[in-house]
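Inspection log for the structure reproduced underneath, given as structure tokens.
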Number of protein chains: 2
Amino acid sequence: MIDYALLLKEHQLKATFQRMQILEVIEKYGHIAIEAIYEEVSRIHSSLSLATIYKNIVLMTQKGVLTEIPIIGEKSKYEIIKDEHIHLICTECGTVIDKMLDDDTAIDTEKVAKTSSFSLEHRQVNLYGTCDHCQS
Amino acid sequence: MIDYALLLKEHQLKATFQRMQILEVIEKYGHIAIEAIYEEVSRIHSSLSLATIYKNIVLMTQKGVLTEIPIIGEKSKYEIIKDEHIHLICTECGTVIDKMLDDDTAIDTEKVAKTSSFSLEHRQVNLYGTCDHCQS
DNA sequence: TCCTTAGTAATAAAAATTATCCATAAGGAA
DNA sequence: TTCCTTATGGATAATTTTTATTACTAAGGA
């Protein structure tokens, strides 16, 4: 259970009711698109203006609270920043699964960056396919 | 130099003037967004309707001629499909650099997929940072 | 060359995103 | 706790992006 107010303050953002509602929904779903946040927030809680959601998603992304996950053929989803991981994206149902990397499955992208004298800041590895559930 | 007419026919698409113009621009820039294709096509050649560009990008992507490259904080870019590679994306100038993988820099994503019983179809590895040129 | 079918242009429509502006709430100071 | 300042939210308009429509046109096989 994340302390949203703390998370926001750590990133120099006021802990408003609306922001915490948005974060709560994002955490609940893990990865979610803007329109879906709007629908969920409207359904469960008091309704927030769509413009408010847009503004705060952009702001929280800039401030490092959220990360955008751009996806082929879909609208971007957003997640709360956490330890590095890759995404398994199901092209059937759209589900995004986080996968932490361990030593056994490490991805040596730093070597790649180095050989191109590219100053690496952020990696995003997306694997597209069919999830366990949709295969059956 | 790609034979665009052949490429299109191999994917069951008619080799129209407009499609070849679009492919020519994409190949010239390597990775390019839709609006930029429109501007370039309009500037150099006869002007194509923006709607035509949209329709053909979608179609050629579906048919496997192009791949979408969704990018954090930007519009998607498109490239002609080629051997698997990763992208170095410069957050300063927006340039996308292709990087082929060799044995030395292989990325063992298949192992990851396997441990999640995920049926892997397509991998997309994007490294964000600052390119050689923008560092100086 | 003709014919059939698919493709294009132009425009309208729809969807997504951003800007505006005034009312309001957050959070520090007293 | 109350007050004050300033950032924020809501509603809506405006803009931008993307898709649909429809009549005309070109591609490619017969």
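Order of the sequence lines sets the chain letters (A, B, ...), proteins ahead of strands, with each chain counted from 1. Below, all heavy atoms of this structure are taken into account, side chains as well, without hydrogens, waters or symmetry copies.
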Nearest 0.5 angstrom please: [X] [atom1] to [Y] [atom2], how far?
X      : Y     : atom1 : atom2 : result
A:K82  : A:D98 : NZ    : CG    : 3.5 Å
A:L120 : B:L88 : CG    : CG    : 8.5 Å
B:I2   : B:I80 : CD1   : CD1   : 4.0 Å

Atom-pair distance ([atom1] on [X]; [atom2] on [N]), nearest Å:
X     : N      : atom1 : atom2 : answer
B:Q12 : C:dA6  : CD    : P     : 14 Å
A:I57 : C:dA16 : CD1   : C1'   : 14 Å
B:M60 : C:dT8  : CE    : C1'   : 13 Å
A:L8  : D:dA7  : CG    : P     : 17 Å
B:Y38 : C:dA9  : OH    : P     : 10 Å
A:L48 : D:dA11 : CG    : C1'   : 13 Å
B:M20 : D:dA27 : CE    : P     : 8 Å
B:Q62 : C:dG7  : CD    : P     : 12 Å

Counting primed atoms, P, OP1 and OP2 as sugar-phosphate and everything else as base, the B/S/- map of nucleotides 16-25 of chain D against protein heavy atoms under 4.0 Å is -SBBBB----
Quick one, give me the B/S/- string for nucleotides 22-30 of chain C, reading 5' to 3', where B means a protein heavy atom under 4.0 Å from the base and S means that only happens at the primed atoms, P, OP1 or OP2. ----BS---
Could you check if a side-chain atom of A:L7 sits within less than 4.5 angstrom of a side-chain atom of A:H11, using non-hydrogen atoms only? yes
Flag the pair A:I37 / A:I57 as yes when at least one side-chain heavy-atom distance between them is below 4.5 Å, and no otherwise.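 When only atoms from C-beta onward are counted, A:I57 and A:I37 do touch, with a gap below 4.5 Å.
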Residue that, paired with B:Y54, satisfies side chain to side chain contact (heavy atoms under 4.5 Å, CB included) out of B:V58, B:L50, B:T52: B:L50
Verify the distance criterion only: is there a donor paired with an acceptor across the side chains of B:S76 and B:E68 at less than 3.5 Å? yes
Distance below 4.0 Å between B:S49 side-chain N/O and C:dT8 OP1 or OP2: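 Indeed not, no polar side-chain atom of B:S49 lies that close.
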I want to check one thing: is the phosphate of C:dG7, taken as OP1 and OP2, less than 4.0 Å away from some side-chain N or O of B:N56? no
For A:V96 and A:H87 the tightest heavy-atom approach is CG1-CD2, 3.6 Å
A:M20 and A:L8: side chain to side chain contact (heavy atoms under 4.5 Å, CB included), yes or no, with the steps? CA-CA 9 Å; A:M20 292 196 278; A:L8 287 165; 4.0 Å; yes
